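Proteins get letters first, then strands, A, B, ... in listed order; numbering begins at 1 in each. Only a predicted model underlies this, so the values are computations on that prediction, with no experimental measurement involved.
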Amino acid sequence: MRLTRYFLPVLKENPAEAQIVSHRYMLRAGMIKQQAAGIYSWLPLGYRVLRRIEQIVHEEQARAGHIALLMPTLQSADLWRESGRYDDYGQEMLRITDRQDREMLYGPTNEEMITDIFRSHVGSYKDLPLTLYHIQWKFRDEMRPRFGVMRGREFLMKDGYNFDVSKEDALHAYNRHMVSYLRTYERMGLTAIPMRADSGPIGGEDTHEFLVLAATGESEVFYDEAVTELKLGARTVDYDDRACVAAICREFTSLYARTDETHDAALFDAIPAARRKVGRGIEVGQIFYFGTKYSEPMGATVQIADGSKVPVHMGSHGIGVSRLLGAIIEASHDDKGIIWPEGVTPFACGIVNLKQGDAAADAACAAIYAALGALGHEALYDDRDVRAGEKFATMDLIGLPWRITVGPRGLANGVVELTSRRTGISEEMPAEAAVARIAAIYAGV
RNA sequence: CGGGGCGUAGCGCAGUCUGGUAGCGCAUCUGUUUUGGGAACAGAGGGUCGUAGGUUCGAAUCCUAUCGCCCCGACCA
């Protein structure tokens, strides 16, 4: 994309309403525009990142054998009366009446609806196990939205629901979700720690939250520092292998890591003092096993081998997709702007033409841009006729992880400059080498 | 929902106390000179001062109502 043809309304000054760094940078980098309290438009740059995150979530869900569908944002109140949650949910639920005076609501989650779909179409244990999920906009009418997309009222969420014939099977689904979530966050460049949590209004027996450590996090967290070193890395996971999946879950949950809700001071104090950490975290996902809490009252049953009908065992699993933008920025930025991990960056790299209008510089930039595009890596080419400093400042703000800087001075020596946004380290090399380096970097992402 | 604050040009703000018909910086547009980390000079455009009433010869400024947004708290992903 050529910047002169793009829509990137960056701000030089900090908007007054933004308090935390991710909110400030998202506004300044022209990623979002607030339309009402806790409700945002996604401008092109923000939308690109949002889609990247969605794509990673889809890929990892597919890998775990989960099936995508799409449910509507508006739901009928009747469905929620069946589970008893219509009254339980309170003011946070946005209630709407249509022209026929029918009671509707803008869904804050989809347990009831997915259970309805399930009971309409599934009747046999032979159809199980089944895990369905979607990525859809939700609405929770927070009393006090804040921190930009981290605590909006409208938010994009991946929510998945597993249906199993037994508790044992459902716990395997739980474990599968834990591992797939760990992979998902790792691909986004995040360290998200699973922590034993409270079940809240969803209800249930077993639940873990995934927390990204950040000073601005909403939850106080207590953890063994060794848990932050755990990585899935390149290991292959067979999601059908219960023992393998369970072993990974044990590995990631056996060290102490809890939020203040479930904190146990005695267990915490048993950690060696040097590794005992108290910090703050941003919740970016949560998984639940809740058994037959919805299937029983809503009649979601399957017939088993002996001919009897049993309510299915369920769990639900969520990733805060739009919130992740904020969480990633909180975890990855400096005083000049955002630093996108390669996994979610809106463009593979930036190309800065130091002397727009110089025939050699223009040609070199165009060639680099085309070469990257041919390899499947879209660059953002700053072809504006502005001073170098302004181009650098823009690139730093929007946080592309790599920058290729092209100027007449370097070209005279046959080189361009490749700069890492994260380290700030620049290397001079021929243009072809810089293109090859970018390709090599993304080959491993 | 309790407490506090703010709505004046695209963004950040001053002006409000003490009423006299709106200003600064950045951004935008034009020109000239510049050009490897947010340039300089000259000129230009842009605001029914959140909205609606009221007081007054006269309201951004005083009064009333209302809408919106932000912060602290409680709540939440």
Any side-chain heavy-atom pair from A:I96 and A:F139 closer than 4.5 angstrom?
->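 Side-chain contact under 4.5 Å: no.
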A:T191 side chain near A:L213 side chain, heavy-atom distance below 4.5 Å |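 No, too far: nothing below the 4.5 Å cut-off.
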Nearest-0.5 Å distance, CG of residue A:L182 to CG of residue A:L232 =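 One finds 5.5 Å between CG of A:L182 and CG of A:L232.
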Spacing between A:I282 atom CD1 and B:rA77 atom P, to the nearest angstrom =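 Distance check: A:I282 CD1 to B:rA77 P gives 15 Å.
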Between B:rG73 atom P and A:E218 atom CD, what is the distance in whole Å?
-> 13 Å
How would you label the contact of [X] with the nucleic acid (heavy atoms, under 4.0 Å): base, sugar-phosphate, or nothing?
X      : answer
A:G285 : nothing
A:G152 : base
A:G318 : nothing
A:E417 : base
A:Q34  : sugar-phosphate
A:A393 : base

Would you say A:K12 reaches B:rC26's phosphate, i.e. side-chain N/O to OP1/OP2 under 4.0 Å?
->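 Indeed not, no polar side-chain atom of A:K12 lies that close.
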Residue-phosphate contact under 4.0 Å: A:R144 side-chain N/O, B:rC71 OP1/OP2 | yes
Using only heavy-atom distances, determine whether the side chains of A:Y381 and A:N353 contain a donor-acceptor pair under 3.5 Å.
->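 There is such a pair (donor and acceptor under 3.5 Å, judged by atom type) between the side chains of A:Y381 and A:N353.
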Going by modelled atom types, is there a donor-acceptor pair between the base of B:rG37 and the side chain of A:R403 at under 3.5 Å?
->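 Flag set: donor-acceptor pair detected.
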Could one point to a donor on the side chain of A:R151 or the base of B:rC76 with an acceptor on the other under 3.5 Å away?
->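 Present.
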Nearest of B:rC69, B:rG36, B:rG38 to any side-chain atom of A:L397?
-> B:rG38
Which of these nucleotides, B:rA77, B:rC1, B:rU35, is closest to any side-chain atom of A:E142?
-> B:rA77
Give me the distance, rounded to whole Å, that separates [N] from [M] when you measure between the [atom1] atoms they each carry.
N      : M      : atom1 : value
B:rU21 : B:rU56 : C1'   : 14 Å
B:rU16 : B:rC11 : C1'   : 22 Å
B:rG15 : B:rG31 : C1'   : 33 Å
B:rA40 : B:rA27 : P     : 8 Å
B:rC49 : B:rU8  : C1'   : 4 Å

Contact string for nucleotides 10-16 of chain B, one letter per nucleotide 5' to 3', B = base within protein heavy-atom range under 4.0 Å, S = sugar-phosphate only, - = neither, reads -BSS---
Under 30°, 30 to 60°, or over 60°: which ring-plane class applies to A:F210 and A:Y181, parallel, tilted or perpendicular?
->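 A:F210 and A:Y181: tilted rings.
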Using ring pair (Phe, Tyr, Trp, His ring centres under 6.0 Å) as the criterion, point out the one residue from A:H58, A:H177, A:H66, A:H317 that pairs with A:Y133.
-> A:H58
